[in-house]
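Below: the structure, in structure tokens.
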Amino acid sequence: MLFNNIQRERIRDLETPFYYYDLGLLNETLEQAKHAADKRGFHVHYALKANFNDRLLSVIQSKGFGADCVSGNEVQKAIDLGFSADKITFAGVGKSDKEIILSLQHGIFAFNVESIQEMEVINELASKLGVIAKVSLRINPNIDANTHHYITTGLDENKFGVPTSELESAASVIRQAKNVELIGLHFHVGSQITDMNVFKSLCVKVNEWKNWFEERGTQIKVLNVGGGLGVDYQHPDDNPIPDFQTYFEIFDRFLERAPHQEVHFELGRALVAQSGSLITKVLYTKSGVKKHFLVVDAGMTELMRPALYQAYHKIERVDTDQEPGVQYDVVGPICESSDCFGKEVPLPQSERGDLIAIRTAGAYGEVMASHYNLRDEVRYLYSDALNLSPSL
Ligand SMILES: *Cc1c(COP(=O)(O)O)cnc(C)c1O
């Protein structure tokens with residue numbers, strides 16, 4: 001249950017929809033992840049793109065995580081919120097000149113470079129600024145992450161990284177580039193990965209390519225294995241915190257590394273997803289010939305994952321302990337048929353004004369919100385406001 005009786009009273013009259021962030025759970029999740037990583041000497045950069053809400057970012061920064069950014073604005077945001085430049089990486093297939101220059105001026109830890117041409121551009125811009133750019137080469141290892149095809153990134157057909165067939169020429173470009181220093185190799189094979197064998201296969205590939213570079217006389221300081229650890233969308237209450245121990249243990253066991261080699265991770269979803277829920281109110285109930293509909297006041301403009309990749313989110317009533325008795329299609333107000341949060345969702349008999357939570361919405365939720373249909377800015381509520389303020 002998301003809210004106790006007192007909290008239920010307090011949220012009853014709040015304007016909906018809003019994101020509810022459980023800061024207690026966020027703290028606990030971050031601490032477990034940090035502990036499991038520190039124990040093995042691993043470094044974790046939080047992938048800002050999963051959620052760049054200021055409050056959440058400040059908590060993540062305060063726990064000692066680095067920042068993994070995919071745009072110049074994310075780099076700037078990380079700096080503004082106190083992440084030190086030497087803990088910031090910048091990834092992405094389409095970095096603009098402006099974004100590269102900004103990152104060079106800040107002196108970020110590393111660029112994760114995704115093509116030979118990008119390497120040449122970074123070299124040129126760094127030379128103009130009179131600095132040396134530290135880069136990791138993103139290798140596309142051709143691994144199937146066994147996840148939805150929209151969030152698989154490590155296959156030959158994906159746009160990400162340098163294909164292994166081009167590594168020979170990439171290596172020679174790097175050798176000639178005077179203003180680029182290769183510090184590491186980077187891999188990121190997909191998101192919401194729940195099959196731990198995927199990470200084992202990744203380790204095998206990382207070992208292989210690390211050896212390939214070392215045999216050619218290039219020393220690799222950083223092995224960056226990306227992110228992608230999945231969360232339990234089906235059972236958020238049973239598994240509120242991902243199994244970080246098992247995850248990191250796989251890399252500890254299967255990655256071959258020398259004492260001077262650092263292992264870096266870029267976790268997004270696993271650190272924030274379970275801490276967020278989208279709270280929405282039933283506007284209308286509709287019963288068709290074959291269906292019962294709940295029309296709620298949140299839509300794909302607040303949470304796009306179901307519309308974008310048919311993602312599953314657990315949907316529940318937050319204002320009653322009644323058992324489910326009806327199967328509802330829970331739909332939003334947006335003028336698109338894909339604006340549907342779930343089909344045939346078992347819920348208690350519901351009416352106009354009832355409150356619903358769409359769970360596990362802390363990652364790739366608020367950040368993907370849009371103004372389509374000229375919708376309001378997204379609202380949010382932090383758990384501490386709910387616990388401390390008697391007059392909410
Ligand atoms: C999106 C992304 C991540 C984070 O992925 P999660 O599945 O949220 O952990 C990490 N690294 C790169 C390069 C990414 O694009």
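Counting starts at 1 for both ligands and their atoms, in listed order. Fair warning: this is a prediction, and the values are worked out from it, not measured in the lab.
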How about [X] and [Y]: does a side-chain donor come under 3.5 Å of a side-chain acceptor?
X: Gln349; Y: Arg317; answer: no
X: Tyr382; Y: Asn53; answer: yes
X: Glu366; Y: Tyr21; answer: yes
X: Glu114; Y: His186; answer: no

With nothing but distance in play, are any N or O atoms of Ser191 less than 3.5 Å from an N or O of ligand 1?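 By distance alone, the answer is yes.
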
Below 3.5 Å, N or O to N or O, backbone or side chain included: is there any such pair between Gly268 and ligand 1?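 So ligand 1 has an N or O lying under 3.5 Å from an N or O of Gly268.
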
With a heavy-atom distance limit of 4.0 Å, tell me whether Ala47 approaches ligand 1 through its side chain, its backbone, both, or neither.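 The answer is the side chain.
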
Quick one: look at Arg269 and ligand 1, take heavy-atom pairs under 4.0 Å, and tell me if it's side chain, backbone, both or neither.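 Both backbone and side chain of Arg269 come within 4.0 Å of ligand 1.
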
At a 4.0 Å threshold, what atoms of ligand 1 neighbour a non-hydrogen atom of Asp68?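 So the answer, numbered in order with elements, is 10 (C), 11 (N), 12 (C).
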
Counting each atom of ligand 1 from 1 as listed, which ones have a heavy atom of Tyr364 under 4.0 Å away?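 Those atoms are 1 (C), 4 (C), 5 (O), 6 (P), 8 (O).
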
Select the closest option to atom 5 (O) of ligand 1 among Glu114, His188, Arg138, judged by heavy-atom distance.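 Shortest heavy-atom distance from atom 5 (O) of ligand 1: His188.
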
Parallel under 30°, tilted from 30 to 60°, perpendicular over 60°: which one fits the rings of His45 and Phe109?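 His45 and Phe109: parallel rings.
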
Examine ligand 1 and decide if any of its atoms is less than 4.0 Å from a heavy atom belonging to Gly228.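 In this structure, Gly228 qualifies as a contact of ligand 1 - some heavy atom is under 4.0 Å.
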
Report the residues that fulfil ring pair (Phe, Tyr, Trp, His ring centres under 6.0 Å) with His43, sequence neighbours left out, ordered by chain and then residue number.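 His43 satisfies ring pair (Phe, Tyr, Trp, His ring centres under 6.0 Å) with His264 once adjacent residues are dropped.
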
Are Ile100 and Val180 connected, step by step, through hydrophobic side chains (Ile, Leu, Val, Met, Phe, Trp, Tyr) whose heavy atoms are closer than 4.5 Å?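 Yes, Ile100 and Val180 fall within the same hydrophobic cluster.
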
I need the nearest protein heavy-atom contact for atom 15 (O) of ligand 1: residue, atom name and distance, please.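 Atom 15 (O) of ligand 1 sits closest to the protein heavy atom Lys49 NZ, 2.7 Å.
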
Atom 11 (N) of ligand 1 - nearest protein heavy atom and its distance: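 Ranking protein heavy atoms by distance from atom 11 (N) of ligand 1, first comes Glu266 OE1, 2.6 Å.
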
